[in-house]
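Just so you know, these numbers use all the heavy atoms, side chains as well, and skip hydrogens, waters and symmetry mates. None of the values given here were measured: they were computed from a predicted structure.
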Amino acid sequence: AKPLVLALNWKPEPQFGGFYAAQEAGYFRKNKLDIEITEGGSGTPTIQMLLAGRVDYAIVSGDEVIIAHARGGDIVALFATYQVSPQGIMTHASRGFESIEDVVHGDGVLLWQSGLPYSQFFRMKYAPLKVTTAPYLGGIGNFRNDAKLSQQCFVTSEPLEAEAVGLKVKTFLVAESGYNPYTTVLVTRRARLEKSPDEVKRMVGAVRAGWKDYLSDAVPTNRVMGDLNKAMSAETFSASAAAQHSLIQTTAETELGSMTQERWQTLADQLLAIDVIPKPVKVDTLFANF
Amino acid sequence: MLGALRDWIAEKFPAWIFLGGLLSVWQLVVAQEWVAAYLLPSPTQIFTTTFTLWPEIWAATLSTAYSICWGLGFSILIGVSLALLFFAIPLVRRAVLPFCIFFQTVPIIAIAPLLVIWFGFGDPTVRASAFIVSLFPILANTLTGLQETDPQLRELYRLYRPSPWQLIVKLQLPSALPYMLTGIRISAGLAVIGAIVGEFIAGGGIGSLIDAARTQQRVDLVFSGVLMSSVLALSLVFAIELLSRLLLQGRPYLRKV
Amino acid sequence: MLGALRDWIAEKFPAWIFLGGLLSVWQLVVAQEWVAAYLLPSPTQIFTTTFTLWPEIWAATLSTAYSICWGLGFSILIGVSLALLFFAIPLVRRAVLPFCIFFQTVPIIAIAPLLVIWFGFGDPTVRASAFIVSLFPILANTLTGLQETDPQLRELYRLYRPSPWQLIVKLQLPSALPYMLTGIRISAGLAVIGAIVGEFIAGGGIGSLIDAARTQQRVDLVFSGVLMSSVLALSLVFAIELLSRLLLQGRPYLRKV
Amino acid sequence: MSAIDVTALSKRFSASEAPVVQNLTFTLEEGQCLCLLGPSGCGKTTLLRLLMGLEKVSEGDITLSPGLIEHMSYVFQEPRLVPWRSCLENVLLPLELTRSNSAGQRDRATALLQQLGLGERLGHFPSELSGGMQMRVALARALVTEPRIILLDEPFAALDERSRFRMQDLLLSFKAELGLQYVFVTHSIAEAVYLGDRILMMDAQGGQRDWRAIDFPARGQALKMTAEFNGIVESYSRLFTDMEIALVENGGRV
Amino acid sequence: MSAIDVTALSKRFSASEAPVVQNLTFTLEEGQCLCLLGPSGCGKTTLLRLLMGLEKVSEGDITLSPGLIEHMSYVFQEPRLVPWRSCLENVLLPLELTRSNSAGQRDRATALLQQLGLGERLGHFPSELSGGMQMRVALARALVTEPRIILLDEPFAALDERSRFRMQDLLLSFKAELGLQYVFVTHSIAEAVYLGDRILMMDAQGGQRDWRAIDFPARGQALKMTAEFNGIVESYSRLFTDMEIALVENGGRV
Ligand SMILES: Nc1ncnc2c1ncn2[C@@H]1O[C@H](COP(=O)(O)OP(=O)(O)OP(=O)(O)O)[C@@H](O)[C@H]1O
Ligand SMILES: Nc1ncnc2c1ncn2[C@@H]1O[C@H](COP(=O)(O)OP(=O)(O)OP(=O)(O)O)[C@@H](O)[C@H]1O
Ligand SMILES: [Mg+2]
Ligand SMILES: [Mg+2]
């Protein structure tokens, strides 16, 4: 039989550590699953691929799940890797900003990916913005070059790179603003879940086991991912894995990757308020904890 | 002039018919759900979206159009000048031409930070991107046109010891004209795409619109943007065509005697 | 044949000199820190990186090269066929040609979901992207070439009531040749960029490499990728040139009598 | 039976301009050869193109004997060679296009070029040939298909007198041996009289100035020395002068 | 003083082929006009191009009188008109290129075209002109710069006899009134004898067959009826025949 495809939305990096760990440690195989992980790139439309049935499981962000629902795409969130969104705003420490509000009301340039829901959220919450905004395409080249420039980041990535080259940065989590979607969420089509809930359960189990391993020891998996992604150095891999630890780890009572209706509802309400979705979305069926 | 315009509309008629057919099939495909609407929105949905968001879309289109005209204008200017230079001094052509190909192959996104740092955020980068992407076809076609100038006519002109400038204006450019116009037509389409990619990088215009819509899975809005960019490209091509007809006005270019 | 090769190397000599000069200036600019190395790596750094990661880079280059050949091959095939069709049936040209411009102006990134869903991850999407981007120049140039066929020669051939196929093979294609070759040259560069952009989306090859390196501050690796893509484009253009020289071998094409 | 029948034929290129060919009526019998005379720009080439079907008739009619159209050949006023084909390849072109390119015919093409004095130029490209040579290649190209009738537009204008005489006699021999018919445009009255069974002379307005049968018991270069021959030539010469005088009186075009 | 001095001139296009022009030596005095005769393909056009500087000399020398090169004009064997320029614009081209395009010269261009019988065709494009008309436009283009010497490559080959005679006399009148010199290639022996102060006759190998001064007290069409004139024509005709016989005996090229 053909393997089931799990489509990532970016290259092998620590944010996907658990998935690669599950593959490496054989948890998929142990759960009678044959999984093929495909990496993504700029603009890889994983959610559309999933909806069109081209892949069986995909990694998307929390807001994408809600938006897809609002547009009639019936998918179910199964495992939310980041309990706290790793999205952040990175600034030069020399600017002396104390909060996100300072950043968006300051002068200079703020780079962020146009159309990201949180940028809309900021525009509403902190209106009117004073900072000049421009698209963010990855990398910190422009950040290094301009002391008055702030930019979006994954706190597990860009700030570490900036510090590695000797910059003094101050980073604010987007979550501080009250906008905190689950991130790096494993999803599948509802049809798949209803047809074989058992397979989905085994999938989530394997992923959870993988993440447990990765959180306790990232080194072996990082080596595997490092072979697949030559652009990232071994140091960056371990630094990044360390930085994301607290964003993924849950309390003793809740399991890794589990979600609550309350948080999904908050997200849906926020997206409705900022006009990213045109109508309310029922969140009770849009996720499933296993 | 009016008659020419009327002829021209008549000539474009088949395209409108074909467009109608295409849109009908498209509508059907989506209505029958052969392709899901979240992948490919129906034409009616695209028009509705365009109509609803018209002020934003129109402003974006204007801004993009402006950048395209700049970029393409520069491409024509620099492309034709470079072609003339390369033609006049073969050594320069042999040395530099291969590197013009570099311009074509370097993904704008890869050098985005450089562009932004040199030209700043906003329009200048967009124009630069439109220029970079659209330079080569004009250059290559004009150069070929110059090189293919009838050697017999060249001999004739040389009899009168023209200045290089006269030779260019009175012989080489006229006889390279069909090549140049084709090059410009190709470049026009590329300038549009160059501007949009530039806007992905530097913000503004249709590019930003598409980029944002893409992140929010607004396929309808993405296609609105694509629609407007195609409209821009077609208007450009038609403008070029009309202009060249007015320029030539029945002169039998490149027709042998 | 060997002599032709030697001439050709001699002809390319100025380009090598120019390349040397360019690289020296570049090295100087970076060494003097006029441009920061994290924006523009020095040539030596690019070469070191390329050398260090050679196995990966070489594998990526091969995979991209393969997709480019596919895409460009299809462009030539379909482009020339469409040009012939449009030339033979003007009504079809008037109806369909404007929509070919659409192909050129739609940003691949905007229709990525459609492409990936139709063609799947990896090579097929990359090839499709290379094809889409490189189709129009060949089409437009071949069509212009066909339309510019000397009407006097056309009259001559018609005397002998040739089959349409004969007319194409023995008159129209030979006389459109300089146009076609220029179109192919333009398309070769575009096919490279098309493949790389396709790889941004669908993964694999140099595109993926650049994409990953771009976000990881590995400008040196980004430029390694850009370098390899330019090398690919130049090799293609040179291959086309050599091939066309072998094809023509001293025949005076388009030279009047 | 008549080979070519022309009735009240007129041609105008644009409604606003005067016709280029005006109200021509003549009949050419099977086997007969026709020469066209007339001042430069009078419409000789246009008439030839009309006969070949290269221009549309504006008024009147042209009737060809059935099947003749398939066995017609044409030599343009300029050589019109294909620049990327060698001398021999140019001559082979009609055979390739009419799909009758047998080995025998290749030999025939070579032989023809030899007859026309181009045996050493088979591999040369047109741009490497002299004007007269190019015209001879064009002639060979028209003859290689073994046509029944051939339309020739000043084919020998670029040849020296000796070559010209040789070509004239070659043409006459084709006529005698193969029954080749021709319609021949020339500016040389002597050539017209020597080659034509019929001569059509046009005036500067494209009208029919004179239509005459020329009848010699036999033709050969010696004929040109006879008083009869020179008398006819002289009479045509006078016609030209008359036309010119009439023109000057009318202030008309040349 | 001599206008053109040619010494042991040879031209070969490729080392492997026989020379096209072979060891020519002659001198043309100031004011004299030269006619070139020779079989088709013998190298007449090549010689003319060598004189104009359009081909490089392989061996030997060409010396022009000082300053002459700036006042030379050339008529190619084919019309070579610029297709996108009208008849008048084609004639104005040399004036535009030599930056001497004054109003007076525009009038001169129009007048020239009228003299050549093209007064009604000023706005026509080359593709709308007959072969003979195109050649006349080319002639007007060469004359409009008021050259001191003009090289003509079979300029009247596409003209009827009457027009041809008129053109010949026009050329002679330019010679008499303006002191225009010309080097004239023709296939018509009569034309050469009528127009040349000197005649250079070449053989099929591009060598110098005959070099002669022709001296008539006065020239006019009536001259062509005189016995003296026809005697000279006849003698050249015989030279041609001799060459041909020699060729056939040597199995040489034509
Ligand atoms: N395509 C055209 N459009 C307009 N006028 C034309 C066209 N072709 C020919 N003519 C005109 O028709 C007339 C006759 O031209 P044609 O070529 O038949 O003359 P001709 O008798 O062959 O002259 P020549 O002996 O100089 O070759 C000329 O006045 C010419 O200007
Ligand atoms: N570019 C060239 N390359 C090679 N051979 C050439 C070239 N030009 C001319 N020739 C050869 O030179 C010879 C003389 O040519 P030229 O044109 O001077 O003859 P011509 O005397 O003008 O003949 P015609 O009376 O037919 O015009 C010919 O045999 C021709 O094949
Ligand atoms: Mg004619
Ligand atoms: Mg000649």
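Contact of C/Ala212 with chain A is made through backbone and side chain together, with heavy-atom distances under 4.5 Å. For a residue to count as touching a neighbouring chain, one of its non-hydrogen atoms must lie under 4.5 Å from one of that chain's; by this rule A/Glu158 does not touch chain C. With a 4.5 angstrom heavy-atom cutoff, C/Ile201 touches chain A via backbone and side-chain atoms both. Heavy atoms of C/Ile117 lying under 4.5 Å from chain A belong to its backbone as well as its side chain. At a 4.5 Å heavy-atom cutoff, the contact between A/Val55 and chain C is made by side-chain atoms alone. Contact annotation for A/Ser233: neither backbone nor side-chain heavy atoms come within less than 4.5 Å of a heavy atom of chain C. Residue A/Ala7 touches chain C through its side chain alone, counting heavy-atom pairs closer than 4.5 Å. Only the side chain of A/Lys11 comes within contact range of chain C, with at least one heavy atom under 4.5 Å from a heavy atom of that chain. Proximity to chain A is limited to the side chain of C/Arg218, based on heavy atoms less than 4.5 angstrom apart. Of the atoms belonging to A/Arg144, heavy atoms from both backbone and side chain fall under 4.5 Å from chain C. A/Ile47 does not touch chain C: none of its heavy atoms, backbone or side chain, sits under 4.5 Å away.
Formation of a donor-acceptor pair under 3.5 Å by the A/His69 side chain with backbone atoms of A/Leu286 is not found in this model. Of the possible polar contacts, none joining the A/Gln152 side chain to the A/Trp112 backbone as a donor-acceptor pair under 3.5 Å is found.
Interface check for chain C: of the options A/Glu39, A/Gln48, A/Arg54, the most heavy-atom pairs under 4.5 Å are formed by A/Arg54. The greatest number of non-hydrogen atom pairs below 4.5 Å with chain C, out of A/Pro45, A/Gly53, A/Ala52, is found for A/Pro45. Per-residue heavy-atom pair counts under 4.5 Å with chain C were compared for A/Asn229, A/Asn142, A/Thr236, A/Asn145, and the maximum is reached by A/Asn145. Taking chain A as the reference chain and counting heavy-atom pairs below 4.5 Å, the highest number among C/Gly203, C/Ala202, C/Ser208 is found for C/Ser208. When each of A/Ser157, A/Gly141, A/Gly40, A/Ala164 is scored by its heavy-atom pairs under 4.5 Å with chain C, the top score falls to A/Gly141.
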Item to check | Evaluation steps, salt bridge (charged side-chain N to carboxylate O under 4.0 Å, His left out), between A/Arg189 and A/Asp74 | outcome: CA-CA 6 Å; A/Arg189 288 183 303 282; A/Asp74 206 358; over 6 Å; no
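Under 3.5 Å, the side chains of A/Gln15 and A/Thr156 contain no donor-acceptor pair of N or O atoms.
Salt bridge absent: A/Lys168 and A/Glu163 never bring a charged side-chain N and a carboxylate O closer than 4.0 Å.
Ring geometry for A/Phe16 against A/Phe19 counts as tilted: the plane angle lies between 30° and 60°, on a 0 to 90° scale.
Within a 6.0 Å sphere centred on CH2 of C/Trp16, other residues, nucleotides and ligands contribute 12 heavy atoms or fewer. Within a 6.0 Å radius of CD in C/Glu33, no more than 12 heavy atoms belonging to other residues, nucleotides or ligands are found.
C/Ile46 contributes atom CD1, which lies 8.5 Å from atom CG of C/Leu23 (distance to the nearest 0.5 angstrom).
Between C/Phe131 and the options C/Leu77, C/Ile78, C/Val126, C/Ile68, a side-chain contact (heavy atoms from CB on, under 4.5 Å) holds for only C/Ile78.
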